[in-house]
Undergrad: 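The structure is given below, and queries will be raised subsequently.
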Amino acid sequence: MSTPPGNDRPADDTINGVRRSGLKNPAAAVRGLGAGTLTLEAIVLLLAIQPIRVLGGHLSGWGVGSVVALAVLALLLAGTMRRPWGWTAGSVLQVLLLATVFFHWSLGALGLIFGATWLYALYVRRALSKEPPPREGPPPSA
């Protein structure tokens with residue numbers, strides 16, 4: 001591995017075999033990903049109510065109420081991504097959204113789509129929160 005002149009770091013973005021993310025604050029980026037996912041989910045849920053009703057979905061009052069409640073809950077949870085329980089609550093929300101398949105099949109499809117999106121956000125969170133392995137050998141000289 002070659003090092004550029006005047007730089008002690010390797011030419012690529014690895015340190016001790018661990019690739020750096022290149023983000024200044026990975027934790028804030030992950031929180032933004034989670035909050036953005038939940039906010040987009042809330043918007044899509046609210047926009048899905050009318051097309052389901054117009055196209056003959058026979059969405060009952062309970063169905064509309066549950067979709068609105070899930071959308072409000074998603075917006076509230078978007079603000080809790082700083083807290084460790086926010087991610088767990090977001091996962092519970094995805095399970096609740098999957099349960100709306102009993103009101104209409106298209107809500108279940110939205111549950112699958114956003115469930116997959118949430119799983120990807122959890123994967124990114126885990127990948128960026130990994131600590132690099134401890135350095136072996138003497139500390140780098142200045």
Side-chain angles (χ1 to χ4, degrees), residues 1-140:
M1 200 178 314
S2 65
T3 58
N7 191 353
D8 293 336
R9 288 188 21 206
D12 59 350
D13 285 341
T14 60
I15 296 177
N16 289 336
V18 175
R19 184 167 184 204
R20 294 173 12 115
S21 68
L23 297 170
K24 289 183 181 179
N25 190 350
V30 169
R31 286 193 308 264
L33 174 65
T37 302
L38 290 173
T39 302
L40 183 64
E41 182 174 344
I43 293 169
V44 169
L45 283 174
L46 291 175
L47 290 174
I49 294 172
Q50 191 59 18
I52 292 172
R53 295 183 73 214
V54 168
L55 296 175
H58 304 295
L59 196 60
S60 68
W62 285 105
V64 172
S66 66
V67 170
V68 170
L70 287 174
V72 169
L73 184 61
L75 285 174
L76 291 174
L77 289 177
T80 64
M81 291 294 102
R82 282 184 188 255
R83 312 229 189 306
W85 55 266
W87 289 92
T88 305
S91 299
V92 170
L93 176 72
Q94 304 312 313
V95 173
L96 291 174
L97 180 57
L98 272 175
T100 61
V101 71
F102 297 112
F103 293 122
H104 195 266
W105 66 268
S106 61
L107 293 173
L110 286 176
L112 287 174
I113 291 168
F114 281 107
T117 305
W118 189 253
L119 286 174
Y120 178 71
L122 291 173
Y123 167 77
V124 170
R125 178 181 182 225
R126 184 180 317 141
L128 290 180
S129 68
K130 285 185 181 177
E131 294 291 324
R135 290 184 169 223
E136 295 178 10

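In this text the structure is predicted, and so the values were computed from the model without any measurement. Positions are given from 1 along the sequence.
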Undergrad: Of all the heavy-atom pairs spanning Met81 and Ala78, show the shortest one and how long it is.
TA: CG-O, 3.7 Å
Undergrad: Output the distance between atom CD1 (Ile52) and atom CG (Leu47), rounded to the nearest 0.5 Å.
TA: 11.0 Å
Undergrad: Starting from the C-alpha separation in whole Å, work towards a yes-or-no answer on side-chain contact (heavy atoms from CB on, under 4.5 Å) for Val44 and Ile113.
TA: CA-CA 11 Å; Val44 169; Ile113 291 168; over 6 Å; no
Undergrad: Nearest 0.5 Å please: distance from the CG atom of Leu75 over to the CG atom of Leu38.
TA: 8.5 Å
Undergrad: In this structure, which one of Leu107, Leu46, Leu96 forms a side-chain contact (heavy atoms from CB on, under 4.5 Å) with Leu70?
TA: Leu96
Undergrad: For residues 68-96, which residue pairs pass the side chain to side chain donor-acceptor pair (under 3.5 Å) check, not counting sequence neighbours?
TA: Glu41-Gln94, Ser91-Trp118
Undergrad: At their closest point, which heavy atom of Gly108 faces which heavy atom of Thr100, and how far apart are they?
TA: N-OG1, 4.3 Å
Undergrad: Rounded to the nearest 0.5 Å, how far does CG of Leu128 lie from OH of Tyr123?
TA: 9.5 Å
Undergrad: Distance from Asn25 atom CG to Arg31 atom CZ, nearest 0.5 Å?
TA: 6.0 Å
Undergrad: Nearest 0.5 Å please: distance from the CG atom of Leu45 over to the CG atom of Leu40.
TA: 9.5 Å
Undergrad: Tell me the closest heavy-atom pair linking Ala42 and Ala74, and the distance in Å.
TA: CB-CB, 4.0 Å
Undergrad: Return the OG1 to OH distance between Thr37 and Tyr120, rounded to the nearest 0.5 Å.
TA: 10.0 Å
Undergrad: Search all heavy atoms of Leu110 against all heavy atoms of Ala48 and return the closest pair with its distance.
TA: CD1-CB, 3.8 Å
